[in-house]
S.K.: 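Take a look at the following structure, please.
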Amino acid sequence: MNTLSARVLSANESATLAISAKAKAMKAQGINVVALSAGEPDFGTPQVVKDAAIQAIHDNFTYYTDSNGIPELRTAIAEKLHRENDITDAKPETVLVSTGGKQSLFNILMAMCNAGDEILLAAPYWVSYPAMVQICGATPVIVNTTLENRYKMTPDELQKALTPKTKCVILNSPSNPTGVMYTPDEIKALGHVLAKHDCFIISDELYEKISFGTPHFSIGAMPELAGRVITVNGMSKAYSMTGWRVGYLTGPAALVKQAAKVQGQSTSNVNSIAQKAALAAILHTASDVEMMRKEFHRRRDMVCEIISHIPGVRTLTPDGAFYLFVDINDALKASKHPDITTSVQFCEFALDKHHLAGVPGEAFGADGCVRFSYAAADETLKEGLKRFAAAIAEMTT
Ligand code: PLP
């Protein structure tokens with residue numbers, strides 16, 4: 001009688017939120033913690049966006065809206081998807097605006113998953129994918145990638161992992177946690193494999209606008225996959241709007257209709273004011289977005305340079321996003337502390353003893369790694385990596 005949902009019990013809590021909460025609690029006690037754990041830009045939201053929100057309040061734009069999102073925002077999103085992503089079947093009617101990319105992903109998985117369905121993910125993956133899949137009653141199937149292959153799934157690996165039960169494949173480029181991007185040719189090669197397999201494809205493009213040279217390519221632009229791709233994006237990362245909670249998706253009409261039903265029967269529309277803000281962000285912030293992108297690029301070069309001098313750790317130069325994913329397996333093997341042999345234990349030690357917050361790779365399906373965010377000021381980054389080097393040195397000597 002009193003048993004809880006097995007679907008929900010099977011899912012993990014968000015490790016990134018948990019570490020960030022612990023770091024915040026330590027800071028509140030007056031401890032000088034360097035937190036490189038949170039996944040959010042450290043810039044202010046662009047002024048034009050804030051102004052649009054304030055104007056919306058003055059205009060009393062404070063009531064329920066169309067549950068799928070205000071028409072002018074859905075139109076602006078559909079136009080953006082045509083202009084920037086070549087997703088020619090995006091229409092205002094097939095755009096669903098949700099409370100962050102997170103809710104977009106959740107709505108779509110709720111709309112598509114049945115018990116027994118397999119949802120394929122490449123590890124390292126974003127923390128929430130497996131938990132969402134489990135809560136929606138399906139089974140996450142993980143394809144492991146390697147640092148040597150820049151953490152990318154090859155067409156061969158994809159082909160081997162597909163089964164008649166594969167309902168959907170989730171792609172994420174640029175990736176959280178690795179910052180790696182698939183090139184347009186690599187995406188097309190995966191697309192050719194998927195063209196022969198009857199399944200959906202979710203393309204999580206939240207970090208689309210934060211890339212440092214590799215061109216972004218949306219798999220939703222491939223004609224041979226028409227009617228099967230769901231493209232998810234949002235305002236959080238590109239426009240420094242994490243707290244505003246606006247994301248969106250577009251995809252095949254029948255599926256979007258069911259996702260919209262999930263939203264309509266749970267949260268309804270995104271905050272009306274935030275929708276006006278999102279509209280201003282899409283229409284009027286090109287120079288702000290470019291300023292942030294350049295700054296992330298500069299910081300990426302700085303943190304990669306610093307980390308290259310720390311012995312016992314390996315990392316890739318990320319192509320985009322604002323994360324550094326560091327493989328500390330060699331250092332863990334050389335650990336002189338019997339109670340520090342995993343990256344979870346290392347991250348606890350780094351936080352408790354060196355007051356540095358990073359996220360253990362276990363959360364992303366990649367043991368022996370740590371994710372640091374470089375969405376922070378130069379001094380914070382330098383101090384954080386100094387503490388990281390000190391923690392590695394203390395563990396191995
Ligand atoms: N997808 C990826 C890969 C992410 O890293 C995040 C946030 O960290 C999201 C989706 C969801 O972001 P939001 O719900 O803030 O739009």
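We use all heavy atoms of the structure for the numbers below, so side chains are in, but hydrogens, waters and symmetry mates are not. Fair warning: this is a prediction, and the values are worked out from it, not measured in the lab.
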S.K.: Between L351 and L36, is there a shared hydrophobic cluster once you connect ILVMFWY residues whose side-chain heavy atoms come closer than 4.5 Å?
M.R.: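 No, L351 does not connect to L36 through the hydrophobic network.
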
S.K.: Is the side chain of R300 donor-acceptor paired with the backbone N or O of P318 at a distance under 3.5 Å, no angle test?
M.R.: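 Answer holds: yes.
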
S.K.: Do K167 and N114 have side-chain heavy atoms sitting under 4.5 Å apart?
M.R.: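 Yes, close enough: below the 4.5 Å cut-off.
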
S.K.: Would you call E186 and R150 a salt bridge, using N to O less than 4.0 angstrom?
M.R.: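 Salt bridge between E186 and R150, a charged N being under 4.0 Å from a carboxylate O: no.
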
S.K.: Donor-acceptor check, side chain of N107 to backbone of V262, threshold 3.5 angstrom: yes or no?
M.R.: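 No; judged by distance alone, with no hydrogens or angles, the pair does not exist.
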
S.K.: In the hydrophobic clustering that connects Ile, Leu, Val, Met, Phe, Trp and Tyr at side-chain heavy-atom distances below 4.5 Å, which members other than I187 occupy its cluster, ordered by chain and number?
M.R.: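 Members alongside I187: L120, V143, M153, L158, L162, V169, L171, Y182, L190, V193, L194, I201, F217, I219, M222, L225, V229.
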
S.K.: Apply the hydrophobic cluster definition, ILVMFWY joined by side-chain contacts under 4.5 Å directly or through others, and give me every member besides Y248.
M.R.: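 Under the 4.5 Å side-chain rule, Y248 groups with V48, V49, F61, I70, L73, I77, L81, I87, V95, V97, M235, Y239, M241, W244, V246, V270, L279, I282, L283, V289.
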
S.K.: Any sub-3.5 Å donor-acceptor pair from N269's side-chain atoms to Y64's backbone N or O?
M.R.: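 Pair absent, no side-chain N/O of N269 close to backbone of Y64.
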
S.K.: Return yes if some donor-acceptor pair links the side-chain N/O of D204 with the main-chain N/O of L206 below 3.5 Å, else return no.
M.R.: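 Yes, because the side chain of D204 sits within donor-acceptor range (under 3.5 Å) of the backbone of L206.
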
S.K.: Could you check whether atom CD of Q265 has more than 12 heavy atoms from other residues, nucleotides or ligands sitting under 6.0 Å from it?
M.R.: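 No, not enclosed.
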
S.K.: Is it true that E290 and R293 make a salt bridge, defined as a side-chain N closer than 4.0 Å to a carboxylate O?
M.R.: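 So E290 pairs with R293 through a salt bridge.
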
S.K.: Test: ring-ring contact (aromatic ring centres under 6.0 Å, His included). Region: residues 264-285. Which pairs qualify, not counting sequence neighbours?
M.R.: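 Residue pairs with at least one partner in residues 264-285: there are none.
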
S.K.: Taking all non-hydrogen atoms of both residues, which atom of I392 and which atom of P311 are closest, and how far apart?
M.R.: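 Result for this residue pair: CG2-O, 3.9 Å.
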
S.K.: Ignoring hydrogens, what is the shortest heavy-atom contact between R74 and G69? Give both atom names and the distance.
M.R.: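 Closest approach of R74 to G69: NE-O, 2.8 Å.
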
S.K.: Any chance you could lay out the side chain to side chain contact (heavy atoms under 4.5 Å, CB included) test for H354 and E394, step after step, and finish with the verdict?
M.R.: CA-CA 10 Å; H354 293 268; E394 188 183 337; 2.8 Å; yes

S.K.: Could you check whether atom NE2 of H58 has more than 12 heavy atoms from other residues, nucleotides or ligands sitting under 6.0 Å from it?
M.R.: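 Atom NE2 in H58 is not crowded, with 12 or fewer foreign heavy atoms closer than 6.0 Å.
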
S.K.: Quick one: do S266 and F106 satisfy side chain to side chain contact (heavy atoms under 4.5 Å, CB included)? Show the steps, please.
M.R.: CA-CA 12 Å; S266 52; F106 195 82; over 6 Å; no

S.K.: Before you tell me yes or no, could you show the steps for Y323 and V359 under side chain to side chain contact (heavy atoms under 4.5 Å, CB included), namely the whole-Å CA-CA distance, both residues' side-chain angles and the distance that decides it to 0.1 Å?
M.R.: CA-CA 11 Å; Y323 305 107; V359 185; over 6 Å; no

S.K.: Show the numbers, then the answer: is there a salt bridge (Lys or Arg N to Asp or Glu O under 4.0 Å) between K209 and E84?
M.R.: CA-CA 11 Å; K209 291 198 182 283; E84 297 181 3; 2.8 Å; yes

S.K.: If the plane angle is over 60° it's perpendicular, under 30° parallel, otherwise tilted; pick one for F372 and F388.
M.R.: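 Perpendicular.
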
S.K.: Do the side chain of T166 and the main chain of T163 share a donor and acceptor less than 3.5 angstrom apart?
M.R.: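 Pair found, side chain donor or acceptor close to backbone of T163.
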
S.K.: Yes or no on side chain to side chain donor-acceptor pair (under 3.5 Å) for S236 and E40, after CA distance, side-chain angles and deciding distance?
M.R.: CA-CA 8 Å; S236 287; E40 59 183 347; over 6 Å; no

S.K.: Can you get from L109 to I142 by hopping between Ile, Leu, Val, Met, Phe, Trp and Tyr side chains that sit under 4.5 Å apart?
M.R.: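 Yes, L109 and I142 fall within the same hydrophobic cluster.
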
S.K.: Linking I/L/V/M/F/W/Y whenever their side-chain heavy atoms sit closer than 4.5 Å, directly or via other members, would L316 and V370 fall into one cluster?
M.R.: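 Yes, one cluster joins them.
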
S.K.: Does K386 have more than 12 heavy atoms from other residues, nucleotides or ligands lying within 6.0 Å of its NZ?
M.R.: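 No, NZ of K386 has 12 or fewer neighbouring heavy atoms, counting only those of other groups under 6.0 Å.
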
S.K.: Please report the C-alpha distance between V127 and F364 in whole Å, then the side-chain angles of each, then the deciding distance to 0.1 Å, and finally whether the side chain to side chain contact (heavy atoms under 4.5 Å, CB included) criterion is met.
M.R.: CA-CA 5 Å; V127 269; F364 311 102; 3.9 Å; yes

S.K.: Check whether L105 and I135 end up in the same hydrophobic cluster, where Ile, Leu, Val, Met, Phe, Trp and Tyr are linked by side-chain heavy atoms less than 4.5 Å apart.
M.R.: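 Yes, one cluster joins them.
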
S.K.: Is a salt bridge present between E148 and R314, judged by a nitrogen-to-oxygen distance below 4.0 Å?
M.R.: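 Salt bridge present between E148 and R314.
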
S.K.: Between Y207 and F322, is the ring centre distance below 6.0 Å?
M.R.: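 Yes, ring centres under 6.0 Å apart.
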
S.K.: Between R298 and E295, does a salt bridge (Lys or Arg N to Asp or Glu O under 4.0 Å) hold up when you go through it step by step?
M.R.: CA-CA 5 Å; R298 190 189 63 74; E295 183 57 13; 2.7 Å; yes

S.K.: Are any of the side-chain nitrogens in K237 or E208 under 4.0 Å away from the carboxylate oxygens of its partner?
M.R.: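 E208 and K237: not salt-bridged.
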
S.K.: May I ask you to decide if A123's main-chain N or O and T145's side chain share a donor-acceptor pair within less than 3.5 Å?
M.R.: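 Flag set: sc T145 to bb A123 pair under 3.5 Å.
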
S.K.: Indicate if F296 and L385 have the same hydrophobic cluster label, given that clusters are the connected sets of ILVMFWY residues with side-chain heavy-atom separations under 4.5 angstrom.
M.R.: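 In one cluster: yes.
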
